[in-house]
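Numbers restart at 1 for each chain; the letters A, B, ... are given by sequence-line order, proteins then strands.
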Amino acid sequence: MNEVLLLHYEIRGGDFIHAGESSGHVKNILKRLGFHPNLIRRTAIAMYEGEINMVIHAGGGTADVKITPEQIEIRLADHGPGIKNLDLAMREGYSTASDSVRELGFGAGMGLPNMKKYADDLKIRTAVGKGTTVSILTKVSRNQG
Amino acid sequence: MTIREIRKILAAALLTDGKHQNVTIHSACGSDMMSDVLAFAKNQPVLLTGLINPQVVRTAEMMDIRCIVFVRGKKPEADLVRLAQACGIELLSTSFRMYTACGLLYSHGLLEGPVPNE
Ligand SMILES: Nc1ncnc2c1ncn2[C@@H]1O[C@H](COP(=O)(O)OP(=O)(O)O)[C@@H](O)[C@H]1O
Ligand SMILES: [Mg+2]
């Protein structure tokens, strides 16, 4: 592959039909580039949980993906309500999702814990009333040898 | 166990074109919470669920799940079927309830399967 591949996506808030399309697209590109299946899955799941969070909690946002031979960096940025208590939000089972979201199968409060589990580095910057930026890093080295 | 065998055991209707029915399934997961499914990456699993919204297929896509079984006779809309088809995922619909459908597959030897190291 080329040294660096940059991708950009606009993610619409409240759109449960198209939510996950950008994560699916990234997954297909990583497959075509021949990355390790576990790395691809980890990256796709982490991005998908973040994408879903922007759709559910933040009224949408943007995703920027940087693919290099060594690692994949994903930046999910939104101008939603922000997260008041990040420690609490990171806990398994904590969710502010509505019943209608739960009926779709989300709102188990596992999204952020899942992202932490599958990413090699997860950084969240958030300000109440301003928005949230989630940076996910996955490294090729974790799935070698 | 192949997708074809799962279809037989659950007396399930095939909703997709059936091209991938010979794919071997090594584990299973029954849930209506997609984040719970996403928490446990397994080796080539089948997903049993009572949900029929497109995010079920997206979740399966991220997890490399090749077969989804809708329980209680649920049938998704054509858009969902098209999405699954594009992702190479076979869709089955069984009239059994979740508990029975899972029990039938388990008793035919399809266990939960180990959670591989990511
Ligand atoms: N992008 C976001 N903007 C605002 N709040 C968020 C965002 N992402 C997560 N949250 C908050 O963190 C909580 C936990 O997130 P998560 O673990 O993904 O669980 P869930 O999405 O199932 O509620 C959410 O319920 C929500 O309150
Ligand atoms: Mg979430």
Can you find a heavy atom in the side chain of A:F16 that is under 4.5 Å from one in the side chain of B:P54?
no
Heavy-atom cut-off 4.5 Å, strictly under: side chain, backbone, both or neither for B:L51 against chain A?
side chain
The interface call for B:T59 against chain A, heavy-atom contacts under 4.5 Å, is both
Closest approach of B:M62 to A:S23 (non-hydrogen atoms, all atoms of both residues)
CE-CB, 3.6 Å
To the nearest 0.5 Å, how far apart are OG in B:S35 and CD1 in A:I45?
10.5 Å
Qualifying residue for side chain to side chain donor-acceptor pair (under 3.5 Å) with A:Y48, from B:R58, B:E61, B:Q55:
B:Q55
Counting only non-hydrogen atoms closer than 4.5 Å, does A:E92 touch chain B with its backbone (N, CA, C, O), its side chain (CB onward), both, or neither?
neither
Under 4.5 Å from any heavy atom of chain A - which part of B:N53:
side chain
At their closest point, which heavy atom of A:K27 faces which heavy atom of B:M63, and how far apart are they?
NZ-N, 4.3 Å
With only heavy atoms counted, which part of A:I52 is less than 4.5 Å from chain B, the side chain, the backbone, both or neither?
side chain
When A:A19, A:P113, A:G109 are compared by non-hydrogen pairs under 4.5 Å with chain B, the top option:
A:A19
B:M33 and A:G107 have their tightest heavy-atom pair at CE-C, 3.9 Å
Heavy-atom nearest pair, A:Y118 first then B:F40, reads OH-N, 3.8 Å
For the NE2 atom on B:H26, are there more than 12 heavy atoms of other groups (residues, nucleotides or ligands in this structure) within a distance under 6.0 Å?
yes
Are B:D64 and A:R41 packed together at the side-chain level, in the sense that at least one heavy-atom pair is separated by less than 4.5 angstrom?
yes
Would the number of heavy atoms belonging to other residues, nucleotides or ligands and lying under 6.0 Å from CZ of A:R12 be above 12?
no
Hey, what do you get for CG (B:L38) to CD (A:E49), rounding to the nearest 0.5 Å?
5.0 Å
Can you confirm whether B:K74 is buried at NZ, in the sense that more than 12 heavy atoms of other residues, nucleotides or ligands lie under 6.0 Å from that atom?
yes
